[in-house]
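Shown next, in structure tokens, is the structure this report addresses.
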Amino acid sequence: MPELPEVEVCRRGLQPEVEGQTILGAVVRSPRLRLPLSATLGETLAGQRVAAVRRRGKYLLLDCRGGVEDGCLIIHLGMSGSLRFVPFATPPGKHDHVDIVFAGQILRFADPRRFGVVLWQAAGEAPHPLLAVLGIEPLGDEFTADWLFAATRRRAAPIKPLLMDSHLVVGVGNIYASESLFRAGISPLRAANRISRERYGQLVPAIRQTLSDAIAAGGSSIRDYVHSDGGAGCFQVECAVYDRAGEPCRRCDGVVRQVRQGGRSTFYCAACQH
DNA sequence: CCGACAACCTGTGAGC
DNA sequence: TGCTCACAGGTTGTCG
């Protein structure tokens, strides 16, 4: 479910609940995820104090201190993952794979499709390979039109799948790639190296704005559970093109089209986007 | 190095 | 109602 905004909303929901709190232990019901879960996660996490809740791309990072070894709990929600707080003794559902137990409540990780990841990274180890290959943060200072223009000079692939390549830029998933390109008036089919520097000057702010708006829209209703349903976020923001094939464009009297790129659905308005 | 594609896994909705 | 198929918000690995 989650792209960058959903993960960031999740992080903000998590932070006030767990920062400074001590983890009593963890329960692993099913270790089968995208990468196998450590069998000793419970012992590793027991007694850890959560020093900070950070985000890198779509990865949540819980910095931990004071257990058997300092380190970082890395969580990725994959396509269908979610985190929520539940009271003690709440019976686990079919896809509730991991519990992280705090003094007053349980942080429960569920993931029907098992594309998610829960990993322990010990302090002092080399950065985990999953994180080491990540590109730059789209809401960070480095993400500029000049940078994106330079990074795409040798890329003949269509711009939309490139925006979704986390080795280049992190966090832009299938929904927000389509939405950002609509906002910038750029066709998702256009070769990345045939987009001018000036038009990247439109695209970069469009991506930032699209992500920021989505974070702001999702950021309202967080309290005792962690929001990770991008669908709900999308309803709140009202998508311009995503999942609106055949429906009227919101900007002109055209119709939203759907095509397939890299095995994923892309939505756009051929009249508004070139 | 680049780009296209299959694969991982489970659930859901559409169509017959 | 029940079956089958296509598709779903991510990422990696393989192949040409």
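Note that these values count all heavy atoms, side chains included, but never hydrogens, waters or copies made by symmetry. In what follows, every chain begins at residue 1, and chains take the letters A, B, ... in the order their sequences are listed. Quick caveat: nothing in here was measured; it's all calculated off a predicted structure.
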Ion pair A:D213/A:R183, N-O distance below 4.0 Å: yes
Euclidean distance, atom NZ of residue A:K160 to atom P of B:dA4 [Å, nearest integer]: 13 Å
From B:dC9, B:dA4, C:dA8, nucleotide with atom closest to A:S265 side chain: C:dA8
Rounded P spacing from C:dC3 to B:dC9 in Å: 24 Å
Any side-chain donor near an acceptor of the partner, A:Y200 and A:T152, under 3.5 Å: yes
Rounded distance in Å - CG (A:L35) to P (C:dT12): 9 Å
A:R55 to A:Y59, cation-pi by 6.0 Å centre distance and 45° axis angle: no
Interatomic distance where CZ belongs to A:R56 and P belongs to C:dG10 [whole Å]: 16 Å
Phosphate contact (C:dT11 OP1 or OP2) by A:H167 side-chain N/O below 4.0 Å: no
P-based separation of C:dC7 from B:dC5 [nearest Å]: 14 Å
Atom-pair distance (CG on A:D111; P on C:dA8), nearest Å: 18 Å
Nearest-angstrom distance from the residue atom CZ of A:R34 to C1' of B:dA7: 13 Å
Just the table, please: protein N/O against nucleotides 13-16 of chain C N/O, every pair under 3.5 Å.
none

Atom-to-atom span, CZ of A:R264 to P of B:dC5 - whole angstrom: 14 Å
A:K94 side-chain N/O to B:dG11 phosphate OP1/OP2 under 4.0 Å: yes
Selected nucleotide, minimal atom distance to A:M164 side chain, candidates B:dG11, C:dC7, C:dG10: C:dG10
N-O pairing of A:D96 and A:R29 below 4.0 Å: no
Gap between atoms CG and C1', on A:L60 and C:dG10 respectively (whole Å): 14 Å
Whichever of A:S166 and A:R113 has its nearest DNA chain C nucleotide further upstream toward 5': A:R113
Over-ring placement of A:R251 relative to A:F182, 6.0 Å and 45° cut-offs: yes
Side chain of A:Q258 (C-beta onward), nearest among C:dA8, B:dG3, C:dT12: C:dA8
Check ion pair A:E6-A:K58 (N to O, under 4.0 angstrom): no
A:Q261 CD to B:dG3 P, straight-line distance once rounded to whole Å: 13 Å
Stacking check A:F115 vs B:dC9 (5.5 Å / 30 deg): no
Pair partner, B:dC9 [Watson-Crick or wobble, under 3.5 Å]: none
Lys/Arg-Asp/Glu bridge criterion (N-O < 4.0 Å) met for A:E8, A:R12: yes
Sugar-phosphate, base or nothing in reach of A:G262, heavy atoms under 4.0 Å: nothing
Nearest to side-chain heavy atoms of A:N174, which nucleotide of B:dT10, C:dG10, C:dT12: C:dG10
A:R260, nearest nucleotide to its side chain (from C:dA8, B:dG3, C:dT12): C:dA8
Sugar-phosphate, base or nothing in reach of A:R155, heavy atoms under 4.0 Å: sugar-phosphate
Distance test, side-chain N/O of A:H95 to OP1/OP2 of B:dT10, below 4.0 Å: no
Residues A:T266 and A:R260: side-chain donor-acceptor under 3.5 angstrom: no
